[in-house]
Amino acid sequence: MKVPLLDLGYTLDNGQVFRWSRDGDWWRGVVGSRSIRLLQEGDRLRVEGDVSTAFLRRYLRLDDDLEAIYEDISRDQCIAAIIERFRGMRLIRQEVWECSASYLLASYSNVSRIKKMIEALCRTYGRRLPDGQYAFPTPEEIAEGTGDIGICRLGYRADWIRCYARAVRDGDFDLEHLQGLEYEQAVSYLKRVKGIGDKVADCIALFSLDHLQAYPVDVRIARAMREVYGVSGSYRKVSGHARRHFGRYAGYAQEYLYIAEDRENRKGLEPTPSCRSPSR
DNA sequence: AACCAGGTCTCGA
DNA sequence: TCGAGACCTGGT
């Protein structure tokens with residue numbers, strides 16, 4: 001399929017999704033219960049697996065006008081340089097249950113471990129797919145599964161995920177209702193779930209509810225906000241400042257800042273533009 | 001071997 | 001509303 005401005009590598013390898021990995025020149029991943037392989041060749045995407053182009057257009061947010069978003073969020077030299085450096089990185093539109101359950105597990109951990117926890121969860125409770133991969137488990141499968149959650153090594157997150165799965169299964173937490181809410185209401189509703197706080201709620205809002213103004217602040221973003229923009233303090237304060245600074249697509253700016261920090265930390269590879277000084 | 005991690009919970013001011 | 005401490009576990 002033909003695609004607009006896109007860098008598949010930056011898009012799949014920036015910590016927003018946890019079930020994709022490199023496989024030679026290809027990318028291999030499981031989305032829900034679909035096993036997919038993707039290869040980008042310029043403006044074309046080669047696709048293997050049980051997916052339609054319509055599904056991929058939606059999943060990869062190919063409907064976002066990246067150039068327009070770049071223009072909107074390029075409100076300072078630092079973010080402009082980072083955008084230039086990582087051109088083509090897109091947010092991904094994840095399904096709500098998988099996204100929320102995944103980020104519920106993501107707290108106070110690191111991407112490598114998060115990936116392992118999720119794979120273990122899928123292997124323990126998810127359906128086995130024809131190619132040997134495992135689907136992301138449904139709330140019912142987690143709530144009613146007979147597998148031993150202990151082998152997933154989730155730590156204290158095990159209780160959170162089981163409690164959340166039960167609530168969704170029983171209708172005590174309504175994902176349909178969630179998807180109809182505005183940003184602030186969605187965040188408040190999400191935070192009723194034990195294990196979902198400010199940051200995870202923002203991730204879910206941004207990655208699965210189309211609330212592009214959401215601005216998740218983790219330790220890295222907090223560091224960037226402090227060092228680059230001179231802002232620190234409570235989550236509310238930092239996130240709110242960023243949302244005012246970057247505007248309605250603040251979430252995109254957040255993800256560009258995040259990938260820049262990430263590549264910075266994987267030292268040795270690809271130098272990134274540095275703008276460590278509140279020039280002003 | 002320490003330190004850190006896509007944070008949240010609880011509690012006290 | 002905010003800040004301080006504790007926290008499963010595994011990466012680096």
Side-chain angles (χ1 to χ4, degrees), chain A residues 10-21 82 86 89-94 96 98-121 123-124 148-164 167 173 184 187-209 211-212 214-228 231-243 250-269:
Chain A
Y10 292 157
T11 299
L12 296 178
D13 187 22
N14 61 18
Q16 62 175 321
V17 282
F18 303 106
R19 301 202 70 196
W20 286 92
S21 57
I82 291 173
F86 296 102
M89 185 204 72
R90 286 176 184 271
L91 290 177
I92 285 178
R93 182 145 43 209
Q94 305 179 231
V96 190
E98 177 168 350
C99 181
S100 54
S102 296
Y103 275 91
L104 181 62
L105 300 179
S107 83
Y108 199 36
S109 187
N110 55 70
V111 173
S112 304
R113 186 183 168 204
I114 296 164
K115 287 183 171 180
K116 286 177 179 169
M117 289 191 288
I118 291 175
E119 282 318 300
L121 189 76
R123 201 173 307 273
T124 305
D148 174 19
I149 202 162
I151 66 178
C152 297
R153 313 300 297 167
L154 306 183
Y156 54 77
R157 304 166 192 79
D159 286 333
W160 290 351
I161 192 73
R162 282 193 293 195
C163 181
Y164 181 46
F173 190 80
E184 289 82 3
V187 166
S188 331
Y189 188 61
L190 280 163
K191 285 170 68 176
R192 298 187 349 185
V193 177
K194 193 170 290 286
I196 297 182
D198 292 315
K199 191 270 179 180
V200 169
D202 267 337
C203 284
I204 298 165
L206 179 60
F207 299 139
S208 72
L209 296 173
H211 294 132
L212 300 188
Y215 194 90
V217 180
D218 68 341
V219 293
R220 282 182 188 171
I221 294 299
R223 183 165 55 235
M225 291 304 292
R226 178 163 17 86
E227 296 180 356
V228 180
V231 181
S232 60
S234 70
Y235 187 96
R236 217 179 123 69
K237 178 181 172 189
V238 175
S239 185
H241 179 277
R243 185 155 33 256
Y252 255 102
Q254 187 273 358
E255 202 56 33
Y256 274 87
L257 248 22
Y258 185 88
I259 193 175
E261 282 286 317
D262 186 42
R263 304 292 158 129
E264 185 84 9
N265 291 149
R266 304 186 199 177
K267 46 184 174 283
L269 311 165

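Predicted model only: the values in this text are computed from it and were never measured.
Rounded to an integer number of Å, the gap from CG of Leu104(A) to P of dG7(B) is 13 Å. Between Arg153(A) atom CZ and dT9(C) atom P the separation is 5 Å, expressed in whole Å. Remark: P of dC9(B) and OH of Tyr164(A) are 13 Å apart, rounded to the nearest angstrom. Taking atom CD1 on Ile114(A) and atom P on dC8(C), their separation rounds to 18 Å, with Å as the unit. Atoms CH2 (Trp160(A)) and P (dG7(B)) sit 11 Å apart, rounded to a whole Å. Atom CG in Leu121(A) sits roughly 16 Å away from atom C1' in dC8(C) (whole-Å rounding). At whole-Å resolution of the value, NZ in Lys237(A) and C1' in dG3(C) are 13 Å apart. The distance between atom CG of Leu105(A) and atom C1' of dG6(B), rounded to the nearest whole Å, is 12 Å.
In this structure, the side chain of Gln16(A) engages the main chain of Thr11(A) through a donor-acceptor pair within 3.5 Å. The backbone N or O of Leu105(A) sits nowhere less than 3.5 Å from a side-chain atom of Ser109(A) that would complete a donor-acceptor pair.
Nucleotides of DNA chain C nearest to Asn110(A) and Ser107(A) differ in position, and the one nearer the 5' end is that of Ser107(A). With the nearest nucleotide of DNA chain C identified for both Leu154(A) and Lys116(A), Leu154(A) has the one nearer the 5' end.
Taking atom C1' in both dA6(C) and dC4(B), the straight-line distance is 16 Å, to the nearest Å. dC3(B) and dC8(C): their C1' atoms are spaced 16 Å apart (whole Å). Here, dG10(C) and dA1(B) have their C1' atoms 14 Å apart, quoted to the whole Å.
Partner assigned to dC8(C) is none, using Watson-Crick or G-U wobble distances below 3.5 angstrom. dG6(B) is unpaired under the Watson-Crick or G-U wobble criterion, no partner having all donor-acceptor distances under 3.5 Å.
Under the 4.5 Å side-chain criterion, counting only non-hydrogen atoms from C-beta, Arg226(A) is not in contact with Val238(A).
By the criterion of a centre-to-centre distance under 5.5 Å and near-parallel planes under 30°, the ring of Tyr103(A) forms no stack with the base of dG6(B). Residue-nucleotide stacking is not present for Tyr108(A) and dT8(B), judged by a side-chain ring centre under 5.5 Å from the six-membered base ring centre and planes under 30° apart.
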Just do the ring-ring contact (aromatic ring centres under 6.0 Å, His included) check on Phe86(A) and Tyr256(A) with the steps written out, would you? CA-CA 7 Å; Phe86(A) 296 102; Tyr256(A) 274 87; 7.2 Å; no
From CA spacing to verdict: side chain to side chain contact (heavy atoms under 4.5 Å, CB included), Glu255(A), Arg90(A): CA-CA 9 Å; Glu255(A) 202 56 33; Arg90(A) 286 176 184 271; over 6 Å; no
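One N or O donor and one acceptor, one from the side chain of Arg157(A) and one from the base of dC8(C), sit under 3.5 Å apart.
A close approach under 4.0 Å does not occur between any side-chain nitrogen or oxygen of Ser112(A) and OP1 or OP2 of dG11(C).
Contacts of Gly15(A) with the nucleic acid, taken as non-hydrogen atoms under 4.0 Å apart, include base atoms.
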